[in-house]
Amino acid sequence: MADTKRVIAACALAWALPGAGHFYLGRRTKAAVFFTLVVATFLIGLGLHGRVYLAEADQPLSYLATFANLALGPLDLLGRVISYDRVIYSFPSEMDQVAYHQIGDLRRERILSVTHEYGTTFILTAGLMNILLILDAFDVGIGRKR
């Protein structure tokens with residue numbers, strides 16, 4: 001029978017730092033490989049001028065992309081500061097003219113880079129990989145996977 005607190009701790013650690021859940025569960029080599037893979041993918045994405053997504057009411061799929069970014073845990077905060085000079089999760093409404101134009105200008109600067117779409121895809125991929133790692137840590141923690 002799985003120890004619930006241990007499983008929750010492994011999943012929380014896996015969210016907070018890619019590979020940390022596996023490290024906690026004693027899978028040290030896998031943890032190092034997973035950490036390197038997810039962090040390298042995220043950093044390559046930032047290096048290619050990718051950006052993390054903002055939720056926008058008129059673009060429903062942006063909520064899914066924002067969720068994938070959130071799966072990176074604290075790395076998502078870093079991505080938001082690099083992308084938008086602040087931690088922000090939704091595109092400002094037109095009511096807040098200053099923020100609306102600031103965020104819009106920052107987006108346009110990144111979009112002008114020819115590697116922007118590749119970078120954004122790398123960042124999304126890093127988040128999606130970390131979701132899989134959290135689920136894998138859960139499976140290992142409950143004993144479903146050896």
Side-chain angles (χ1 to χ4, degrees), residues 1-57 59-93 96 99-100 102-146:
M1 179 120 199
D3 179 10
T4 305
K5 289 180 183 178
R6 183 172 184 250
V7 173
I8 291 171
C11 291
L13 287 168
W15 171 78
L17 185 68
H22 288 80
F23 188 87
Y24 175 75
L25 294 170
R27 313 258 168 140
R28 307 264 193 287
T29 303
K30 280 188 174 188
V33 170
F34 293 154
F35 173 82
T36 303
L37 185 63
V38 173
V39 173
T41 303
F42 174 74
L43 293 175
I44 289 169
L46 288 177
L48 292 173
H49 301 249
R51 64 177 170 83
V52 293
Y53 270 85
L54 296 177
E56 296 182 57
Q59 296 192 22
L61 291 178
S62 68
Y63 290 94
L64 291 173
T66 303
F67 177 75
N69 291 147
L70 287 170
L72 288 167
L75 288 176
D76 175 60
L77 297 175
L78 174 66
R80 291 184 186 285
V81 169
I82 290 172
S83 295
Y84 305 110
D85 295 333
R86 67 187 85 173
V87 176
I88 183 172
Y89 291 96
S90 63
F91 198 79
S93 72
D96 184 358
Y100 181 82
Q102 286 176 341
I103 299 302
D105 290 344
L106 288 169
R107 260 188 173 172
R108 279 187 284 284
E109 285 176 26
R110 286 191 173 270
I111 289 173
L112 291 175
S113 171
V114 296
T115 59
H116 162 265
E117 288 186 43
Y118 292 110
T120 301
T121 302
F122 268 80
I123 293 170
L124 277 173
T125 301
L128 293 171
M129 281 192 292
N130 208 44
I131 290 171
L132 293 174
L133 294 178
I134 294 167
L135 294 172
D136 189 63
F138 175 81
D139 284 345
V140 171
I142 66 170
R144 186 181 304 161
K145 197 170 180 187
R146 288 185 175 215

Legend entry - Derivation and outcome, side-chain contact (heavy atoms from CB on, under 4.5 Å), residues His49 and Val114: CA-CA 9 Å; His49 301 249; Val114 296; over 6 Å; no
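- In terms of heavy-atom proximity, Leu13 sits nearest to Ala20 at O-CB, 3.3 Å.
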Inset, instruction - Show your working on side-chain contact (heavy atoms from CB on, under 4.5 Å) between Arg107 and Leu54 and close with a plain yes or no. - result: CA-CA 10 Å; Arg107 260 188 173 172; Leu54 296 177; 4.1 Å; yes
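- Taking a 6.0 Å sphere around CD of Glu117, one finds it holds 12 or fewer heavy atoms contributed by other residues, nucleotides or ligands.
- Taken to the nearest 0.5 Å, the CZ atom of Phe138 stands 15.0 Å off from the CG atom of Leu133.
- For Phe122, there are no ring-ring contact (aromatic ring centres under 6.0 Å, His included) partners at least two apart in sequence or on another chain.
- To the nearest 0.5 angstrom, Ile131 atom CD1 is 13.5 Å from Asp136 atom CG.
- Leu124 contributes atom CG, which lies 11.0 Å from atom CZ of Phe42 (distance to the nearest 0.5 angstrom).
- Distance OH/Tyr118 to OG/Ser113: 11.5 Å, rounded to 0.5 Å.
- More than 12 heavy atoms of other residues, nucleotides or ligands lie within 6.0 Å of OH in Tyr84, so this atom counts as buried by the packing criterion.
- Taking all atoms of both residues into account, the shortest heavy-atom contact from Gly141 to Leu25 is N-CD1, 3.9 Å.
- For the pair Gly19 and Ala31, the tightest heavy-atom approach, listed with the atom from each and the gap, is O-CB, 3.1 Å.
- Contact annotation: the side chain of Met129 never approaches that of Phe34 to less than 4.5 Å [non-hydrogen atoms, C-beta and beyond].
- Arg28 contributes a side-chain N or O that, together with a main-chain N or O of Phe23, makes up a donor-acceptor pair within less than 3.5 Å.
- A donor-acceptor pair under 3.5 Å is absent between the side-chain atoms of Ser83 and the main chain of Arg51, judged by distance alone.
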Show me, pair by pair, the donor-acceptor contacts under 3.5 angstrom made by side chains of residues 70-78, not counting sequence neighbours?
residue, atom, partner, partner atom, Å
Asp76, OD1, Arg80, NE, 3.2
Asp76, OD1, Arg80, NH2, 3.4
Asp76, OD2, Arg80, NE, 2.9

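- Checking Ile111, Asp105, Leu106 one by one against Arg108, the side chain to side chain contact (heavy atoms under 4.5 Å, CB included) holds for a single residue, Asp105.
- Taking all atoms of both residues into account, the shortest heavy-atom contact from His22 to Ala137 is CE1-N, 3.8 Å.
- Atom CD1 of Ile123 sits about 4.0 Å away from atom CG of Leu46, to the nearest 0.5 Å.
- By the 6.0 Å contact criterion, CZ on Phe67 is open, its count of non-hydrogen atoms from other residues, nucleotides or ligands being 12 or less.
- Atom CD of Gln102 sits about 9.5 Å away from atom CD1 of Ile88, to the nearest 0.5 Å.
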Legend entry - Check against side-chain contact (heavy atoms from CB on, under 4.5 Å), Thr120 and His116: CA-CA 6 Å; Thr120 301; His116 162 265; 3.6 Å; yes
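- Between the side chain of Thr66 and the backbone N or O of Ala55, at least one donor-acceptor pair lies under 3.5 Å.
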